Each structure stands twice: as structure tokens, then as C-alpha cells.
Q: 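Before I ask anything, let me first share the structure, which is written out below as C-alpha cells.
Everything numeric in this text was worked out from a predicted model, so none of it was measured.
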Amino acid sequence: MTSNNIKKMAFQYLKGYTCSIIILLVLIITETIITSITPVFYGRIIDYISLNGSKTFFYLLLLYGLMLFISVIISSVESYITEVLGNKIFKEYQSILFNKILHSKFQELEKLEIGELMAHLTADLGTIIEYDISIVTTYSFIFFNFFIPLILAVSINAELTIFSLFFLPISLLIYKNFKYKRKSIYKKHQELTDLYNSFTINILQNIPSIKSFRIESHIEAQYYKLIDKIFSIEKKRSSADNSINFLNNATNIIFQVSFLYLANIIVCDGKLTLGLMITLGMYINRIFTSIDMLQKVQLNEQNVLISLQRINELTELQIDEQKYEPYVTDAENTIFELRIENIYFAYNDTLDVIKDLSLSINSTGLYSIIGKNGSGKSTLLKLLQCFYLPQKGNIIIHGYSYKECDIGYIRNLITYVQKEPFILKDSLLENIRLYSNINVKVIDEYCDMVGLSSYITTLPKGIYTEISADSLSSGQRQKLSFARALAHKAEIILFDEITSDLDGISEKILTNIMKNLSKSAIVISISHRLQTITESDCIFVLDSGTIVDSGTFEFLKNHSNVFSELFNL
């Protein structure tokens with residue numbers, strides 16, 4: 001990809017900020033003009049130093065100090081605007097990307113590492129925005145600090161200026177030689193950083209399990225191995241950067257020595273005063289600084305290209321788009337129907353997890369799905385919730401095909417309660433009602449029903465106390481899930497092993513709640529607990545991704561070998 005294409009892609013992030021950029025450019029131009037004039041005054045001051053008591057010296061000195069002071073003020077304002085503008089653009093697009101992640105299809109998001117998603121929201125986006133701002137500021141600086149000093153330098157002494165320009169191609173060759181090498185190093189570093197973030201997040205979330213199995217030393221070894229890989233690639237990056245700096249510094253030393261030697265001859269011949277020689281040196285230095293800055297910007301373009309490609313992968317993810325929202329009848333006339341017709345589903349290129357599965361539910365009630373681990377139970381619930389789409393077959397809800405329906409419409413009809421609920425860093429109240437306008441007294445009633453009231457009395461601010469996942473036991477988290485299900489009633493409610501961590505009394509209470517909910521909704525439960533299974537109106541036996549038997553507890557116990565095996569176990 002060409003440099004112009006990279007700039008074009010990156011500049012998309014500056015849309016809507018034209019006014020701020022123009023103000024920034026005006027400040028840069030003003031500062032550049034002032035700083036381009038100051039070397040002339042500095043050189044003249046040097047020439048007047050030998051003239052004791054010269055009024056011109058004091059006037060020049062005063063004017064020189066004033067211009068420096070104005071330059072400092074403009075530079076401070078410019079730096080402030082640059083920083084604020086960069087942060088504002090970064091936060092805006094960070095919000096856009098975060099929103100994109102939230103609304104992308106779960107099936108596609110699951111392919112990405114958590115560390116990679118974090119890098120998209122931080123490092124990758126930061127690299128692009130920093131590049132955009134540097135292009136605006138640096139290119140303006142380069143333009144005015146190259147051509148203005150070049151014109152002034154030639155007017156002072158063309159011979160020395162032309163001699164200096166012969167060193168520019170050397171600097172260009174140095175950067176060009178390391179440009180693509182740094183790109184491959186940066187790409188590898190980003191990949192390792194993603195891996196590190198994912199690894200670290202996973203470990204920090206599972207420290208209790210790591211401790212219980214006493215594998216700290218093994219985890220530590222893996223961590224050090226990963227750190228060593230990152231350190232190794234960072235050494236290569238540092239080596240490349242230091243090589244660039246060394247070669248540039250070596251070239252600069254040769255230039256300075258050669259420049260001073262030639263300048264000495266010219267000054268001794270009376271063709272140039274000492275002050276003008278210093279002024280010329282300052283202009284030449286500005287020219288070289290401009291070229292150096294230009295090369296660094298172009299060198300970073302390879303890093304920006306990688307970040308752009310990575311973020312583009314994220315922006316290309318499909319969202320849960322609205323296709324068609326069917327007419328929704330009133331609750332009294334709702335046709336309760338959930339029908340699954342010969343669906344197949346596999347993760348990536350693996351064997352089918354769900355194979356030719358069919359079932360039909362056409363009335364309210366409590367339904368259980370049982371099966372061995374890995375038989376496809378949780379996957380089936382995720383298919384019903386539209387986290388995944390079956391590769392073959394169809395799912396029909398209330399007479400409408402999933403293929404016709406808006407995903408939002410389907411999820412509005414279904415409440416999905418996972419075994420491990422997500423806990424927001426917010427009050428217990430908001431964790432249950434999830435920012436809806438449900439009355440607090442109603443939430444209190446639900447908490448009392450599921451057995452959370454005694455826990456709430458221990459909290460300093462009651463139901464308004466901020467909680468976290470660590471402040472709740474596994475049983476309390478499952479009770480919280482039940483309270484959510486009560487607060488967000490739907491026509492179909494899915495429970496995924498929701499009573500697994502409860503004692504017998506709590507399980508009995510929550511099973512009764514499920515039974516009551518099933519009077520006005522289709523309640524589907526995945527469970528291995530006898531209490532829930534025996535209370536079910538119908539039990540579906542899942543084996544190797546398909547329904548092999550269905551019926552009541554007594555019927556299956558006497559007529560289903562698969563069920564009997566599970567029951568006996």
C-alpha cells in the first residue's frame with residue numbers, strides 16, 4: 001500500500017474536526033515564521049557583541065527576547081490544543097469501536113482474542129490518531145521549516161548551503177533501509193502483545209483454580225516464556241531504532257566537522273561574518289531536523305498500516321442487523337410455539353455439535369434438556385438466543401422463522417439465564433433490573449422470593465450497595481440470576497444449569513419459582529439436578545447432538561436407555 005493510501009485511510013479519523021485543525025495550522029505557521037526570523041536577530045546580536053554600548057545591540061536583544069517569549073506562548077497553546085484534540089478524537093473513535101464490538105455478531109467476536117480486542121481499543125487506535133495529529137502538525141512544521149530556512153540560508157551563503165544539502169540523501173537512505181524491517185518487527189510485537197493480554201486476563205480471572213491445583217510454577221514458567229518472547233522482539237526493535245540513530249548521528253558529526261571547516265575558510269576570506277555563519281548553521285540545522293522528522297513520520301507509516309488493517313478487521317465484523325420484524329400480537333392472544341426443524345451446527349471446521357436436531361413445544365410449561373457433557377445442550381440454548389446461526393435447518397418461534405425475524409425481536413421474546421451470570425460494577429439493584437424502570441419495591445419482592453433478602457440486610461447500603469463478582473458466592477450469583485429472570489419476564493425463558501451450586505432447600509425454592517413461571521411462559525432448563533427434572537412437564541434427552549427421546553420423568557425412566565443411564569449415574 002502506498003504512502004498516500006495510508007494517509008487517506010488514516011485521515012478518515014479527522015473528519016468533523018476541520019475547524020480545530022485550521023486553528024492548529026494557523027498557530028504552527030505563526031510560530032514557524034517567528035522562529036524562522038529569530039536566527040537572523042541572534043546572528044546580528046553576535047556581530048554587535050564586540051561593539052560595547054551599541055544601542056542597536058540592546059534593541060536587537062530586546063526584540064529577540066520578545067519574539068522568543070511570543071514563540072513560547074504560541075507553542076504552549078499549540079501543544080495544549082494538539083493534546084486535547086488528539087484525546088477527543090481518540091475517545092470518540094474508542095466509543096465507536098466499543099459500540100461496534102457490543103453490536104457485532106457473537107459468532108464472529110468469539111474468533112477474536114480478548115487481548116486483541118483490547119489492543120484495538122487502545123494501542124492500535126492510539127497509533128492511528130497519534131499519526132493523524134503528527135501529520136497535521138509535523139508536515140506543516142516540515143514545510144515551513146524546510147523551505148523558509150532554505151531560502152534564507154541560500155541568501156546568506158549559497159556555497160555552504162549547497163554543500164550541506166549533499167548530506168540529505170544519506171539520511172534518506174538510512175531510513176529507507178530500515179523501513180520494512182521495522183514493519184515486520186512491529187507486527188510481531190503486536191501479535192505477542194495480544195497474546196500477552198489474553199493470557200494475563202485469563203490467568204487473573206482464574207487465580208483460585210490455579211491455586212487449588214497448585215500449578216503456580218507452571219503458569220509462572222509460561223508467563224516468563226511469553227515475556228521473554230516480547231523482550232526478544234523489543235530488543236530487535238531497539239536495535240533497529242538505535243542503528244538508525246547511530247548512523248544519523250555519525251552522519252551528523254561528519255557534516256558538522258566538514259561544515260565548520262568550510263565555514264572557517266569562508267569567514268577567514270571575509271565573505272561571511274561570524275554572526276551570519278551561526279545564523280546559517282541554525283537554518284541548516286532546521287532543514288536537517290525537518291528531513292529527520294519527515295523520515296520518522298514515514299517510518300511510522302508501516303506501524304500505522306498494521307494498526308489500520310487490524311482495526312479494519314474489526315469494523316468489517318457483521319452486526320446484528322434488522323431484517324424483518326413481524327407483527328407482535330397482544331399477550332393474551334400469543335401463540336406459544338417453539339419449533340426446531342432438522343438443524344445442524346458446528347464450530348468452525350469441527351465435527352457437528354448439533355446434528356439433525358428437531359423438537360416441538362407448542363404450549364407453556366417447564367421443559368428440561370438433559371444429556372452427557374458435550375452432547376450440545378448449551379450450544380442449543382445459544383442457537384435459540386441467536387448467538388450462532390445453524391448451518392442447516394430452521395428454528396421457528398410463535399409461527400415466525402428465525403430467518404425472517406429481527407434478532408432484537410427474538411431476544412425480546414427470550415430471557416437467557418447462564419450458569420455464571422455477568423456482574424456489573426454497580427449496585428445490586430441495577431444488577432437485577434439492568435437499568436430498566438422497574439420499581440425498587442418489586443425488585444425487593446423478587447429478592448425475597450429467591451432468597452437474597454438475608455444477604456441484602458448485611459450490605460451497608462442495602463440493595464443500593466455496589467457489588468462485584470468477588471463479593472458474591474456462587475449460590476448468591478445464581479439467585480441473582482433468578483431475580484433477573486423474574487424482573488425481565490419473557491415468553492420463553494432459558495436456564496442453563498442455574499441450580500448447580502445451590503443447596504437442596506434453595507434448589508427446591510427456585511424450582512418452584514420456575515414451575516410458577518412456566519404457567520405463563522415456555523421455560524426450558526438444562527439441569528442435572530433431580531429436583532428440576534422430576535418437576536418438568538416434558539424432558540428432552542440429547543445425545544451426540546440430537547434428540548433421542550422425550551417424555552415425562554416416569555416414562556423415560558422406564559423406556560429410555562440413555563435417560564436411565566444418566567439417571568442411574
Side-chain angles (χ1 to χ4, degrees), residues 3 32 35-36 38-39 42-43 46 127 130-131 134-135 137-154 156-189 231-269 271-272 274-306:
S3 177
T32 304
T35 55
S36 295
T38 51
Y42 185 81
I46 295 296
T127 298
E130 184 180 350
Y131 172 78
S134 70
I135 286 291
T137 56
T138 305
Y139 270 54
S140 302
F141 176 87
I142 291 169
F143 181 82
F144 290 102
N145 279 276
F146 181 83
F147 290 104
I148 293 176
L150 179 61
I151 293 169
L152 294 173
V154 170
I156 293 172
N157 190 278
E159 187 180 355
L160 271 175
T161 304
I162 294 171
F163 169 77
S164 302
L165 294 178
F166 278 117
F167 284 84
L168 289 180
I170 299 175
S171 178
L172 297 174
L173 287 172
I174 291 170
Y175 280 106
K176 185 176 181 180
N177 183 56
F178 286 91
K179 185 176 182 179
Y180 295 102
K181 183 179 180 180
R182 284 186 84 255
K183 176 185 176 182
S184 61
I185 292 172
Y186 182 81
K187 184 177 182 180
K188 182 64 177 176
H189 186 266
F231 178 66
S232 177
I233 200 69
E234 285 177 344
K235 281 200 301 183
K236 291 181 180 179
R237 185 175 64 180
S238 297
S239 175
D241 290 342
N242 284 324
S243 296
I244 293 171
N245 291 332
F246 172 78
L247 292 172
N248 273 331
N249 289 333
T251 303
N252 189 46
I253 290 171
I254 296 171
F255 164 72
Q256 287 187 42
V257 172
S258 303
F259 178 84
L260 290 173
Y261 175 78
L262 185 59
N264 174 65
I265 296 172
I266 294 173
V267 171
C268 290
D269 288 344
K271 297 177 182 178
L272 200 65
L274 182 62
L276 285 176
M277 186 204 78
I278 293 174
T279 301
L280 179 62
M282 294 173 73
Y283 284 137
I284 296 299
N285 183 62
R286 282 175 179 270
I287 293 171
F288 275 88
T289 300
S290 300
I291 296 300
D292 186 60
M293 291 177 68
L294 177 64
Q295 293 302 309
K296 286 180 178 179
V297 170
Q298 292 181 344
L299 198 64
N300 287 331
E301 281 182 356
Q302 301 306 314
N303 302 345
V304 175
L305 175 59
I306 293 170

Q: Roughly how far, to the nearest 0.5 Å, is the CG atom of Asn245 from the OG atom of Ser238?
A: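 Answer rounded to 0.5 Å: 10.5 Å.
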
Q: Do you know the tightest heavy-atom contact between Ser36 and Leu152?
A: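 Where Ser36 meets Leu152 most closely, the heavy atoms are O-CD1, 3.8 Å.
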
Q: Evaluate Leu160 against Leu272 for side chain to side chain contact (heavy atoms under 4.5 Å, CB included), listing each step before the verdict.
A: CA-CA 11 Å; Leu160 271 175; Leu272 200 65; 4.1 Å; yes

Q: Are Ser164 and Phe288 packed together at the side-chain level, in the sense that at least one heavy-atom pair is separated by less than 4.5 angstrom?
A: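 With C-beta onward as the side chain, the pair touches.
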
Q: Treating Tyr42 as the side-chain partner and Gly275 as the backbone partner, does any N or O pair qualify as donor plus acceptor under 3.5 Å?
A: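 Absent.
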
Q: Quick one: does any side-chain atom of Thr279 pair with a main-chain N or O of Pro39 as donor and acceptor, under 3.5 Å?
A: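 Side chain of Thr279 to backbone of Pro39, a donor-acceptor pair under 3.5 Å: yes, one is there.
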
Q: Working to the nearest 0.5 angstrom, can you tell me the gap between Ile287 CD1 and Phe147 CZ?
A: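 Answer rounded to 0.5 Å: 10.0 Å.
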
Q: Using the salt bridge (charged side-chain N to carboxylate O under 4.0 Å, His left out) rule, collect all pairs that involve residues 234-248, keeping only residues at least two apart or in two chains.
A: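 The answer is Arg182-Asp241.
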
Q: Can you tell me how far apart CZ (Arg286) and OG1 (Thr32) are? Round to the nearest 0.5 Å.
A: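 It is 8.0 Å, given to the nearest 0.5 Å.
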
Q: Is Thr127 close to Ile306 at the side-chain level, that is, under 4.5 Å between some pair of heavy atoms?
A: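 Ile306 vs Thr127: side chains apart.
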
Q: Output the distance between atom CG (Leu150) and atom OH (Tyr283), rounded to the nearest 0.5 Å.
A: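 One finds 12.0 Å between CG of Leu150 and OH of Tyr283.
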
Q: Once rounded to the nearest 0.5 Å, what's the spacing between atom CD1 of Ile151 and atom CZ of Phe146?
A: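 So the CD1 of Ile151 and the CZ of Phe146 are separated by 10.0 Å.
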
Q: Please round to the nearest 0.5 Å and tell me the distance separating atom CG of Leu276 and atom CD1 of Ile156.
A: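 Answer rounded to 0.5 Å: 5.5 Å.
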
Q: Give me the ring orientation class for Phe167 and Phe163: parallel if the planes are under 30° apart, tilted from 30 to 60°, perpendicular past 60°.
A: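 The arrangement is perpendicular - the two ring planes meet at more than 60°.
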
Q: Would you say the side chain of Ile170 lies within less than 4.5 Å of the side chain of Phe255, judging by non-hydrogen atoms?
A: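 No, too far: nothing below the 4.5 Å cut-off.
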
Q: Do you know which two heavy atoms are closest between Ile185 and Ala240, and how far apart they sit?
A: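 Minimum heavy-atom separation between Ile185 and Ala240: CD1-CB, 4.4 Å.
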
